[in-house]
Amino acid sequence: MNQTSKRNGVVAIPPAEQVLDAMAGPIAVLDWSGTIIAVNRAWREFGCANSGKRTRHVGTNYLDICDRAVGVEAACAKAAAAGIRSVLAGEPVFSLEYPCHSPTRKRWFQLHASCLHHDGHAYAVVAHHDITDRILVEQERQGLLARAHRHQEQLKALTAVSTRIAAGDSPEAIFRDITEQARLIVGAHWAATHTLPYALWPSEPVIVSVSDKYGGFPASALARSGAGLYSHVLQLASPLRLTATELSAYPHLQDTYLAETASPAMPGVLAVPIISPQGGTLGVLMLLDKQHGEFTADDEAILTQLAQIASVSVENAVQTRAERESRERLWATHEHAGVGIAETNATGQFLTVNRGLSVITGYSRSELLNLSLFDLVHPDDSSAEHALYDRQVAGELKTYSLERRSIRKDGSSVWLNVSSTAVFNEQGEFRYSVRVIQDIHQKKRFEQRQALLVRELHHRVRNNLAVVQALASATGRTSTSIRDFNRSFSSRIAALAKTQTLLTEDYWQTAPLREMLECELQPFWARRHERFRLEGPDVNLSADVAIPLSMALHELTANAARYGALSVRKGCVAVKWELATAEGSRELHLSWVEQNGPPVGSPSHSGFGTFLLERVLPAQCHAKANLRFDPAGLQCEIHVPLVTHRLVPEY
């Protein structure tokens with residue numbers, strides 16, 4: 001007896017068996033071999049309830065009983081024996097949850113073994129706690145969670161189906177997708193959609209989706225199955241949900257094909273009509289043979305939603321396809337038009353463009369849609385386009401037309417004829433502008449070239465008259481007789497005519513230097529003796545340079561024929577030229593060298609040729625000429641600046 005208890009007058013501690021009996025759960029004490037040495041009343045009652053008879057527990061080896069267990073409980077029993085042995089070997093505790101179902105109810109227990117040391121010996125205290133209520137609550141919770149999770153997955157699938165099918169543009173594809181998804185979302189082995197005949201419907205009025213269970217059946221038999229159910233739901237115009245037992249009670253809803261494919265047992269069915277937004281029936285969506293259990297009200301709600309999604313999507317697809325075909329016809333007309341067509345918003349941003357505008361501007365369609373019409377307008381024409389477009393956006397102009405330049409992608413400019421028509425809403429507010437753009441660049445170039453040619457003609461006539469007058473005056477001063485005047489003046493007029501011919505062949509623009517020289521020197525060409533040599537690159541001279549230079553070459557040729565190298569049979573003339581750059585501008589450097597001719601001396605007086613080289617060339621084309629009277633032959637160096645952009649004066 002505890003000494004403290006004696007002092008305080010407390011009664012003696014009860015025996016161990018009484019303490020164990022006071023415990024609510026079944027408890028047993030095992031010795032080192034696993035033999036039960038003590039149990040409480042709850043343990044005895046627990047054993048009696050499970051075995052159906054009163055059994056003596058003390059002295060029984062609990063571990064041997066567990067080891068000999070067979071059947072479905074063998075695994076748990078062996079695990080319990082192994083855990084208790086580990087406690088007897090020194091482990092502090094061991095715990096195991098296991099089922100222990102009686103013939104009348106299902107129960108679950110938790111086995112808890114703990115180590116007890118006394119007088120140097122190890123014991124195991126084994127307790128069984130009834131956890132049936134907790135397990136049942138947990139199972140119910142898991143069931144609710146599983147159901148909630150399935151609903152969540154179904155909602156996610158419905159959302160995905162809605163999004164995907166809403167974008168569909170083919171009724172057949174929509175029905176096929178809805179049929180497949182209905183089977184997968186609800187969880188059935190068989191799904192079918194029967195559609196009413198319609199011009200835009202698929203060629204196959206029945207679309208079937210089946211799992212592997214029915215994969216071996218002929219497609220024709222699957223398509224013909226469920227015809228009775230389909231007709232019944234059409235007449236009923238409301239959902240139909242029947243279990244396998246209920247369906248067997250309605251022979252008129254069954255057909256030969258359904259019986260053959262569903263053999264040996266009839267499956268449950270769930271079918272809903274597909275009602276169009278306008279109220280008409282488009283078909284029936286049907287499910288057969290659910291994978292787990294019978295079809296529920298939740299399944300019916302999901303199938304109804306899928307049918308609604310299908311009806312709205314199909315109607316939209318039909319309308320969208322009609323609108324698309326109309327747009328495609330209009331777009332094809334726009335694309336094949338020989339002009340550019342575009343739509344622009346209030347700020348001038350391109351909304352739509354056709355291929356013709358891409359060809360005109362050099363920009364791709366995607367590039368144009370990121371630009372404004374003002375991004376393409378030539379800076380010199382921008383203010384006029386801005387003013388007209390602002391008035392159109394403000395409602396002051398319904399339409400306007402103008403000719404202006406546009407900047408192409410490569411930086412070049414092109415002339416366009418632009419016609420802009422505004423589209424306004426019912427309130428008179430600007431919506432967009434329809435622009436028709438025509439390339440008139442060739443027409444403008446023709447007009448500009450025509451105007452240029454007219455100005456050039458005026459210019460050339462005036463210059464030619466001035467040249468003729470100067471030739472007549474200079475020839476008259478240097479001629480000694482009328483015969484000499486006629487000869488000199490005629491040859492000079494002929495040289496002028498040759499150069500004019502070269503210029504005329506190129507629309508009064510340029511004359512080739514080599515051809516100018518060949519025209520002058522051709523009469524001196526000989527088979528046996530080389531009378532002249534021409535060496536230099538191809539150079540085209542503008543009219544302002546070609547005419548005075550051709551006159552200078554004529555005078556040099558005439559002088560060589562009369563007094564110089566071309567006056568004797570073995571004499572020759574070498575003409576070389578090259579292009580050089582001086583002070584940032586291009587120049588023509590030409591040298592005239594006479595060889596094998598009569599000895600040359602300084603002239604006693606200056607003639608028309610010298611005057612032309614030293615006075616006229618510098619005055620008319622800023623040329624520099626240098627004459628050297630070398631005894632071996634006349635030499636002449638001419639440097640002429642080349643005109644890159646010729647400006648024809650206005651008249």
Side-chain angles (χ1 to χ4, degrees), residues 460 463-464 466-475 477-479 487-503 510-524 532-536 539-567 572-580 586-594 597 600 603 605-630 633-643:
R460 290 270 58 82
N463 282 358
N464 286 342
V467 170
V468 171
Q469 184 179 9
L471 288 176
S473 176
T475 305
R477 287 195 301 270
T478 58
S479 299
R487 180 181 56 80
S488 299
F489 185 69
S490 297
S491 65
R492 288 165 181 164
I493 290 297
L496 177 62
K498 292 176 182 178
T499 304
Q500 296 292 350
T501 300
L502 294 176
L503 291 170
T510 61
L513 174 60
R514 185 179 296 274
E515 292 187 24
M516 289 168 54
L517 288 165
E518 289 175 349
C519 287
E520 291 295 333
L521 296 172
Q522 188 63 30
F524 302 98
F532 61 87
R533 295 193 304 272
L534 305 179
E535 183 178 345
V539 180
N540 293 322
L541 303 176
S542 65
D544 291 339
V545 174
I547 291 176
L549 183 59
S550 68
M551 299 306 300
L553 295 174
H554 172 74
E555 293 301 319
L556 288 171
T557 304
N559 181 76
R562 183 176 298 180
Y563 308 109
L566 297 179
S567 64
C572 69
V573 175
V575 183
K576 296 182 180 181
W577 66 92
E578 63 180 1
L579 297 176
R586 297 170 69 242
E587 288 187 352
L588 171 67
H589 292 179
L590 184 144
S591 67
W592 174 286
V593 178
E594 298 182 17
V600 176
H605 66 280
S606 298
F608 177 73
T610 303
F611 173 77
L612 185 65
L613 289 168
E614 295 180 348
R615 301 285 297 276
V616 176
L617 277 179
Q620 289 198 1
C621 54
H622 306 288
K624 297 178 182 180
N626 181 24
L627 281 172
R628 286 189 297 167
F629 297 95
D630 191 307
L634 177 68
Q635 297 181 9
C636 180
E637 295 283 342
I638 302 175
H639 293 184
V640 185
L642 297 179
V643 179

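Each residue takes its place number in the sequence, starting with 1. Just so we're clear, the structure is a prediction, and the values are computed from it rather than from any experiment.
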Please report the C-alpha distance between His639 and Glu587 in whole Å, then the side-chain angles of each, then the deciding distance to 0.1 Å, and finally whether the side chain to side chain donor-acceptor pair (under 3.5 Å) criterion is met.
CA-CA 7 Å; His639 293 184; Glu587 288 187 352; 4.5 Å; no

Side chain to side chain contact (heavy atoms under 4.5 Å, CB included) evaluation trace for Val640 with Leu590:
CA-CA 8 Å; Val640 185; Leu590 184 144; over 6 Å; no

What verdict does the side chain to side chain contact (heavy atoms under 4.5 Å, CB included) test give for Trp592 and Ile638, after you've listed the backbone C-alpha separation in whole Å, the side-chain angles of each residue and the deciding distance to 0.1 Å?
CA-CA 8 Å; Trp592 174 286; Ile638 302 175; over 6 Å; no

Can Leu513 and Asn540 be said to form a side chain to side chain contact (heavy atoms under 4.5 Å, CB included), step by step?
CA-CA 6 Å; Leu513 174 60; Asn540 293 322; over 6 Å; no

Could you walk me through whether Leu634 and Arg628 satisfy the side chain to side chain contact (heavy atoms under 4.5 Å, CB included) test, starting with their C-alpha distance in whole Å, then the side-chain angles of each, then the deciding distance to 0.1 Å, before giving a yes or no?
CA-CA 6 Å; Leu634 177 68; Arg628 286 189 297 167; over 6 Å; no

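Atom-to-atom distance recorded for Lys576:NZ and Arg533:CZ is 7.0 Å, nearest 0.5 angstrom. We find the NZ-CG distance between Lys624 and Leu617 to be 13.5 Å, quoted to the nearest 0.5 Å. Here Leu566 contributes atom CG and Glu594 contributes atom CD; the two are 6.5 Å apart, rounded to the nearest 0.5 Å. Summarising the geometry, atom OG belonging to Ser542 is positioned 8.0 Å from atom CG belonging to Leu642; distances are rounded to the nearest 0.5 Å. Leu517 contributes atom CG, which lies 7.5 Å from atom OG1 of Thr557 (distance to the nearest 0.5 angstrom). If you take CD on Glu515 and CD on Gln522, they are separated by 11.5 Å, rounding to the nearest 0.5 Å.
Heavy-atom neighbours of Glu535 CD from other residues, nucleotides or ligands within 6.0 Å: at or below the threshold of 12.
Using a 4.5 Å heavy-atom threshold, the side chains of Cys621 and Leu549 count as separate. Two residues are said to be in side-chain contact when any heavy atoms from C-beta on lie closer than 4.5 Å; Cys636 and Asn626 fail this criterion. No side-chain heavy atom of Val600 sits under 4.5 Å from any side-chain heavy atom of Tyr563. With contacts defined as side-chain heavy-atom distances shorter than 4.5 Å, the pair Trp577/Ser591 does not qualify. Side-chain contact between Arg586 and Pro641 is absent, with no heavy atoms from C-beta onward closer than 4.5 Å. At least one side-chain heavy atom of Leu541 sits less than 4.5 Å from a side-chain heavy atom of Met516. Annotation: side chain of Val593 is not in contact with side chain of Val573 (no heavy-atom distance under 4.5 Å).
Residues Phe532 and Phe524 come closest through the heavy atom pair CE2-C, 4.1 Å. The nearest pair of heavy atoms linking Ala565 to Cys572 is CB-O, 3.4 Å.
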